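This is a predicted model, so every value here is computed, not measured. We count ligands from 1, going down the list as the structure has it; atoms in each ligand are counted the same way. Numbers here are sequence positions counted from 1.
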Amino acid sequence: MLILDIAVPCPLRRSFDYLPPENATTIQAGMRVLVPFGNRRLVAVVLGTKQHSQIASNKLKAAVSVLDTEPTLSPDLLALGRWAANYYHHPIGEVLQQMLPVRLRRENPPREQVELAYSVTDSGREALATDLLKRAKKQAALLSWLSHQESASRNTLKQNGYDYPVIKALLDKGYIAASRHTAKPVAATAAKTLNQEQLLAVNAITEASKQFQPFLLQGVTGSGKTEVYLQAIEHCAQSGRQALVLVPEIGLTPQTLRRFEARFPGQVCVLHSGLADGERLTDWQRAARGDCAVLIGTRSAVFAPFRALGLIIIDEEHDPSYKQQDGFRYSARDIAVKRAADHRCPVVLGSATPSLESLHNVNTGKYHRLQLTQRAGGASAPTIKLLDIRNSDLNNGLAPQSMDAIADTLARGEQALVFLNRRGYSPLLQCHACGWVGQCDHCDVSLTVHFGRRQLRCHHCDAYKPLPDSCPSCKNHSLTYKGPGTERLEQTLKTTFINTQVIRIDRDTTSGKGAMRDMVNAVNEGKPCILVGTQMLAKGHHFPLVTLVIMLDIDGGLFSPDFRGAERAGQLLTQVAGRAGRAQRKGTVLIQTHAPDHPILGTLVRQDYDPFAEQLLAEREQLGLPPCSHTAVIRAEANSLEACDNFLQAVRRGTGMPGNDAQFIGPLPAPIARKANRYRCSLILLAQQRKQLHTLLNRARAAAEPLKPGFALRWTIDVDPLEWF
Ligand code: ADP
Ligand code: ZN
Ligand code: ZN
């Protein structure tokens, strides 16, 4: 008897046995099947077939139907999924489901995705010229708009306000025609002549083309890393293989994409969350067919299928967005390295500010370091200065020297950037008379003032309230705003520099479609202006005319309770500083701080990122923290702190002694113990060897799974967590 071993998307860490559906022909591992599960029907993936089941055959259910004629998940992806499920101690069914494009997670078999592009025909042009459509205003508008484009997809038309009935009417009249949407054939831009360091890097990567070799490509922003990627990909493509390029979530800017498309016309596939499900499926299938030289995408693209994978690139490898922070908590960077090992191909991790993990791997000889020390195109490194603001008279967070520096910059016709990693008007509203503070009713945090919207908003849940005029407690009109956010900075700068454009870039101002692009364009028009923003400014964008960068309130990171706090602060600081003086003019960076003597800050400013990172690594080594050890967190979340604590205590007891070279920390309540009315605790596991950590996690799972803590409690495992809480 044939039995199917099936990964069903559910929270159980196991697979399930089913009988094949009636009159099924061939069933192979990696095919999708529809199965009954509880009282639902779910799309699941066949892991394999076997002869025997533990379950009596009359109790076995049959699968409803097979959804594929050939495996959707190839053997290599299936193996990768199994590996990831083991490594992250996550249910195999959920892992495999996440590897599939959304369309393929559904029961209805998707049609082959053909994206149509529309263009104006000759008779359409004639109709326009002779004003034939003057009664049909909408059709005329579409036709006129489209006549200025080479072609446009239905999606693009929709975004511009043209709905399908209008398209259909024009199609019927023969004024426009539809064809299969293909990337416009543009002439490929030529590769640049590489400098010595770039050449060394490209050669090293190409020489390793048929073997597994991780490289750390370390180079400051603007040193020409992308050019190295492009030329390495070119070699890879010439040998008939494909490259996977991973970029951070907000790193996939239109500029970046255009650069890849210009070098590999019609050969670039894209996968990111901003695309429609159908578009994603199209590119997913194209990559699987081998119908592209490059696939560029964000985190989940690490699971994309390839016909012949020959190179993996992870840009800005230190970026936290590579780690999924809920559900299946995988690291796309780490999985990419594993995938390169499976495919025996080189993998390039690029960054100006590498993670301590990758630097550790260089130190232990696992990764080979390639360095780009000069900025390409002759730009020089910025001058970085610390501004001691103790006892300084701040104007809504800005020191007098900062104001002077901005004035000087604008007077020279240049642009200034003010960085503050906190959006809103002010992080705290307090009553000067009675001490009342605006707090979230659902989280243990204060509410942020959003002045423009006249709201108090919680940055940890979705709660908000109207901004009160008087103190809700004592009715006095003595409410004060404590500390600045980007909105307040924008206002301060606008009132100080009256005739200057102030552009704020943060999550609140860029949520509209195309808003970010418009702002970037406004800046790059080149008029003197001031940019204000959060870490959204730190990535991807090229602002050639910014010569002054001012950083406010970076002290928090230096004194953060999290073990990665200082690393993160140093990376952000270096990345933001890298925005200064990227083109011909030299840049200056002013860092306002209350801790000018902080050793880490000093190292960073006087000596650069590498000595800073080495210092942090030495500290981690001493304290036995990652990457010098291995860690995982078991988190519990419930309606009371006590429930979390009891559960994790029981898990800890049930797991038993951790053994030599391993330890438990906790359970500890999270620093913000309550978020959205849920309390949160962590049990931290640390081990010298990765194997010990997994043994311990297996025991912890065995202890946790039978505990029936009730529906209100949820627990999760996070391997290689970014944070402990
Ligand atoms: P990174 O990816 O390290 O930030 P880029 O590859 O974007 O750096 O390069 C920064 C700028 O320098 C880009 O405008 C790029 O076109 C240019 N550039 C890179 N390499 C060269 C080169 N070898 N010769 C001339 N210009 C280069
Ligand atoms: Zn009051
Ligand atoms: Zn809240």
I need the SG(C443)-the Zn ion (ligand 3)-SG(C440) angle, rounded to 10 degrees. 110°

D718/K323 salt bridge by N-O under 4.0 Å criterion: yes

Closest by any non-hydrogen atom to atom 1 (P) of ligand 1: pick that one out of K192, K225, Q196. K225

Metal proximity, H459 vs the Zn ion (ligand 3), N/O/S cut-off 2.8 Å: no

Under 4.5 Å between any side-chain heavy atoms of F419 and L531, yes or no? no

Any salt bridge between R453 and D508, counting N to O under 4.0 Å? yes

Using a heavy-atom cut-off of under 4.0 Å, does the side chain or the backbone of V228 touch ligand 1, or both, or neither? neither

Between R333 and E316, does any side-chain N to carboxylate O distance fall below 4.0 Å? no

Taking side chain as C-beta onward, heavy atoms only, is N524 less than 4.5 Å from P544? yes

Identify, by atom number and element, the atoms of ligand 1 in contact range of T193, meaning under 4.0 Å from any of its heavy atoms. 22 (C), 23 (N), 24 (N)

Take atom CD in E642; do more than 12 heavy atoms of anything else shown fall under 6.0 Å from it? no

Please could you name the atoms of ligand 1 that L194 approaches to less than 4.0 Å, counting only its heavy atoms? 23 (N)

Is it the case that atom CG in D462 sees more than 12 heavy atoms from other parts of the structure closer than 6.0 Å? no

Below 2.8 Å, can you find an N, O or S atom of C461 next to the Zn ion (ligand 3)? yes

For a distance under 2.8 Å, tell me if C471 has an N/O/S atom near the Zn ion (ligand 2). yes

Out of curiosity, is V220 lining ligand 1, as in a heavy atom under 4.0 Å away? yes

Looking only at non-hydrogen atoms, the one of E227, E197, R259 nearest atom 15 (C) of ligand 1 is R259

Min heavy-atom dist S223 to ligand 1 below 4.0 Å: yes

Charged N to carboxylate O below 4.0 Å: is that the case for R564 and E723? no

Here the vertex angle at the Zn ion (ligand 2) for SG of C474 and SG of C434, given to 10°, is 110°

Which ligand 1 atoms, with their elements, are less than 4.0 angstrom from a heavy-atom of G224? 1 (P), 3 (O), 5 (P), 6 (O), 8 (O), 9 (O), 19 (C)

Would you say NZ of K465 has more than 12 non-hydrogen atoms from neighbouring residues, nucleotides or ligands within 6.0 angstrom? yes

